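Counting begins at 1 with the first residue of the sequence. From a predicted model like this one, the values you see are computed outputs, not experimental measurements.
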Amino acid sequence: METLSLLIHSRNIYSKGKFIEGSIGVRDDKIVYLGPRKNFSTIETLDASHLHIIPGPIDSQVHFREPGAEYKEDLQTGSKAALRGGITGVFEMPNTNPPTTTAEALTQKLKLAEKRMWVDYAFYVGGTSENFKEVKNIELRDGCPGIKIFVGSSTGTLLLTNPLHIEHILRTTHRTVAFHSEDEDRLKERKKIAIDSKDPISHPVWRDEIVALTSTKKLVELAKKTNRRIHILHVSSEEEVEYLKDKKNLVTVETTPQFLTLWAPDCYKEHGTLVQMNPPIREKRHYDALWRGIQNGTVDVLGSDHAPHTLIEKTKPYPDSPSGMPGVQTLLPLMLDHVNQGRLSLEKLVELVSVNPILKFQIKNRAFITEGADATLTFIDLKEKRKIEEKWLLSRAGWSPFTGKVITGWPKGVLLHGNLAMFEDEVLDFPNGRPLGF
Ligand code: DOR
């Protein structure tokens with residue numbers, strides 16, 4: 001075999017649903033050997049015997065705020081945070097300023113991303129009542145996973161509540177149609193609850209599980225009517241998990257590490273508005289149901305909903321405080337800790353963050369660890385015990401509700417397209433992210 005650029009040895013390489021011992025040979029940006037431990041002529045060798053190697057994880061929902069609110073985050077800071085957290089690709093959301101709702105806006109974002117993204121990327125196009133006829137012409141390019149529709153108001157101006165317009169999008173587009181699913185009418189009716197209480201503890205009372213379920217049911221009806229698969233982002237409630245359990249032919253489901261780690265009212269007592277997000281973190285029964293949804297296959301993927309706001313903004317009095325919290329860098333550590341606590345296996349986690357994003361969104365330039373695949377991998381130390389510290393965070397927001405939390409299991413390194421892009425916290429190389437193709 002021709003000289004390799006990198007030869008990796010490990011006792012735990014993820015292959016076809018399990019971990020095997022062996023070697024991975026890399027030449028340039030491709031895996032050219034996967035098999036029993038073997039020595040080849042190589043420029044570099046990495047002995048990762050004590051580490052687990054998994055196909056590069058993807059965070060299916062982040063908000064990187066560029067253009068328009070770079071003081072909170074930009075494409076460089078957000079993607080560098082992702083990389084240090086062991087994430088190798090992100091789907092970024094369209095609620096920027098201007099929003100990503102036109103071909104020009106998408107082109108601008110893709111240009112902004114060139115040579116500035118530390119991980120691979122794709123930018124959703126926002127569906128609105130102005131562009132619902134045109135989105136079919138915008139989505140079909142590399143670097144766009146599909147259309148994102150807010151059917152309930154959240155951060156930014158995007159909103160599309162007209163079912164005929166949603167139906168049109170479902171009938172005419174080809175890629176993923178992803179929904180922020182909260183019922184706008186019920187949100188408006190109940191807003192007074194939040195205003196009167198002035199306490200974030202009422203956030204899941206205002207935006208209750210009926211807000212989420214009512215909306216999700218309407219969307220599933222539209223999916224049935226148009227015979228089109230839909231994707232529901234950040235599913236938060238027991239009611240939705242139960243309802244969606246037997247609708248997997250129509251719906252793919254995302255949930256967030258926050259919903260799998262925190263619950264109400266405790267989280268609001270401890271962290272106040274810092275953990276205010278839409279949809280909200282709910283009571284323990286929802287947390288339990290989401291874990292059941294992970295185990296029984298209702299949940300397909302994990303998105304951090306990385307939604308940075310400054311601490312000054314977040315400490316405004318509720319409900320003027322903006323919703324959202326940073327999370328792209330803590331997604332893997334939190335989930336690895338859950339692996340160590342016995343809530344899911346590492347194999348299951350790999351399914352959620354690496355395998356299913358490729359399968360469900362049909363990413364064309366990513367594959368599992370096989371010969372011929374793109375050499376994008378994450379190295380995990382399952383035993384490392386470490387505290388999440390502010391100084392480790394790279395998001396411009398500079399905070400996380402999880403600082404101080406002691407985690408077992410840590411992302412140690414990232415190989416991105418054959419280059420060691422991060423190792424032991426050090427971000428090496430240069431911004432080498434590529435657009436994800438579908
Ligand atoms: O809490 C949230 N924050 N939920 C969203 O849907 C949007 C996000 C943001 O952009 O701040």
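- Look at Glu70 and Arg65 and you find no salt bridge, because none of the NZ, NE, NH1 or NH2 atoms lies under 4.0 Å from a carboxylate O.
- Using a 3.5 Å distance cut-off with no hydrogens or angles, the side chains of Thr77 and Asp74 do pair a donor with an acceptor.
- The pair Arg343-Asp337 fails the salt-bridge criterion, with no side-chain N (NZ, NE, NH1 or NH2) lying under 4.0 Å from an Asp/Glu carboxylate O.
- Counting only N and O atoms by type, the side chains of Asp425 and Trp392 include a donor and acceptor under 3.5 Å apart.
- Panel note: side chain Asn365, backbone Gly437; a donor-acceptor pair is recorded below 3.5 Å.
- Between the side chains of His165 and Glu167, no donor-acceptor pair of N or O atoms lies under 3.5 Å.
- For Glu240 and Lys217, the salt-bridge test fails: no basic side-chain N is under 4.0 Å from an acidic carboxylate O.
- For the pair Arg434 and Asp29, the salt-bridge criterion is met [side-chain N within less than 4.0 Å of a carboxylate O].
- In terms of modelled atom types and a separation under 3.5 Å, the side chain of Lys80 and the main chain of Leu394 share no donor-acceptor contact.
- At least one donor-acceptor pair closer than 3.5 Å links the side chain of Asp59 to the backbone N or O of Ser304.
- Counting heavy atoms of neighbouring residues, nucleotides and ligands inside a 6.0 Å radius, atom CG of Asn249 exceeds 12 of them.
- In summary, the side chains of Ser323 and Gln276 do present a donor paired with an acceptor at a separation below 3.5 Å, with no hydrogens or angles considered.
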Open item on the list: Could you go through Phe361 and Phe91, starting from their C-alpha distance and side-chain angles, then the distance that decides it, and tell me whether this counts as ring pair (Phe, Tyr, Trp, His ring centres under 6.0 Å)?
Closed with: CA-CA 11 Å; Phe361 302 109; Phe91 290 5; 4.9 Å; yes
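- Electrostatic pairing of Glu313 and Lys72 counts as a salt bridge here, judged by a charged N lying under 4.0 Å from a carboxylate O.
- In terms of modelled atom types and a separation under 3.5 Å, the side chain of Trp410 and the main chain of Lys385 share no donor-acceptor contact.
- A salt bridge between Asp208 and Arg186 is present, with a side-chain N of the basic residue lying under 4.0 Å from a carboxylate O of the acidic one.
- Within the 3.5 Å criterion, the main-chain N or O of Ala178 finds no donor-acceptor partner in the side chain of Thr176.
- Taking the charged nitrogens against the carboxylate oxygens, Glu114 and Lys111 have no contact shorter than 4.0 Å, which rules out a salt bridge.
- The CD1 atom of Ile20 lies 10.0 Å from the CG atom of Asn12; values are rounded to the nearest 0.5 Å.
- With hydrogens and angles ignored, the 3.5 Å screen pairs a side-chain donor or acceptor of Asp381 with a backbone N or O of Glu384.
- The environment of Lys225 atom NZ is sparse: at most 12 non-hydrogen atoms of other residues, nucleotides or ligands sit within 6.0 angstrom.
- Across all non-hydrogen atoms, the minimal contact from Ala397 to Pro326 is CB-CG, 4.0 Å.
- Of the possible donor and acceptor atoms, none in the side chain of Thr273 sits under 3.5 Å from a partner among the backbone N and O of Ser321.
- With respect to Asp288 and Arg292, no salt bridge is recorded, no charged nitrogen being found less than 4.0 Å from a carboxylate O.
- Classification of Glu254 and Lys360 as a salt-bridged pair fails, no side-chain N sitting under 4.0 Å from a carboxylate O.
- The only member of Val414, Thr88, Thr378 that meets side chain to side chain contact (heavy atoms under 4.5 Å, CB included) when paired with Leu83 is Val414.
- With contacts defined as side-chain heavy-atom distances shorter than 4.5 Å, the pair Val235/Val299 does not qualify.
- No more than 12 heavy-atom neighbours from other residues, nucleotides or ligands sit within 6.0 angstrom of CD1 on Ile312.
- Within the 3.5 Å criterion, the main-chain N or O of Ser400 finds a donor-acceptor partner in the side chain of Thr403.
- Tested against Leu346 for a side chain to side chain contact (heavy atoms under 4.5 Å, CB included), the candidates Glu351, Met335, His52 yield a single pass: His52.
- Shown here is Gln362, whose CD atom has no more than 12 heavy atoms of other residues, nucleotides or ligands within 6.0 Å.
- Side-chain contact annotation: Thr408 with Arg386, donor-acceptor N/O pair under 3.5 Å absent.
- Side-chain contact of Thr376 with Asp374: a donor-acceptor pair under 3.5 Å is present, judged by distance alone.
- For Asn95 (side chain) and Gly156 (main-chain N/O), no donor-acceptor pair under 3.5 Å exists by modelled atom type.
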Open item on the list: Quick one, Ile166 with Phe179, criterion side-chain contact (heavy atoms from CB on, under 4.5 Å). Give me CA distance, side-chain angles, the key distance, then yes/no.
Closed with: CA-CA 10 Å; Ile166 299 172; Phe179 291 91; 3.7 Å; yes
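- The pair Lys18-Glu347 does not meet the salt-bridge criterion, since no charged nitrogen lies less than 4.0 angstrom from a carboxylate oxygen.
- Taking CG of Leu428 as the start and CG of Leu416 as the end, the distance is 11.5 Å to the nearest 0.5 Å.
- Remark: Lys148 is positioned above the aromatic ring of Phe150, its terminal NZ or CZ atom under 6.0 angstrom from the ring centre and at most 45 degrees off the axis.
- Ion pair Glu283/Arg285 not flagged as a salt bridge, since none of the NZ, NE, NH1 or NH2 atoms sits closer than 4.0 Å to an Asp/Glu carboxylate oxygen.
- Annotation: cation-pi pair Lys316/Tyr318 absent, no NZ/CZ under 6.0 Å from the ring centroid and within 45° of its normal.
- Salt-bridge check for Lys218 with Glu221: failed, with every basic side-chain N at 4.0 Å or more from each acidic carboxylate O.
- Each of His309, His306, Glu66, His63 was evaluated against Glu73; a single residue qualifies, His306, per the side chain to side chain contact (heavy atoms under 4.5 Å, CB included) test.
- Ion pairing between a basic and an acidic side chain is recognised when a charged N comes within 4.0 Å of a carboxylate O; Arg366 and Asp120 show such pairing.
- Counting only N and O atoms by type, the side chains of Thr226 and Arg171 include no donor and acceptor under 3.5 Å apart.
- Remark: side-chain polar atoms of Ser354 are paired, donor with acceptor, to backbone N or O of Pro55 under 3.5 angstrom.
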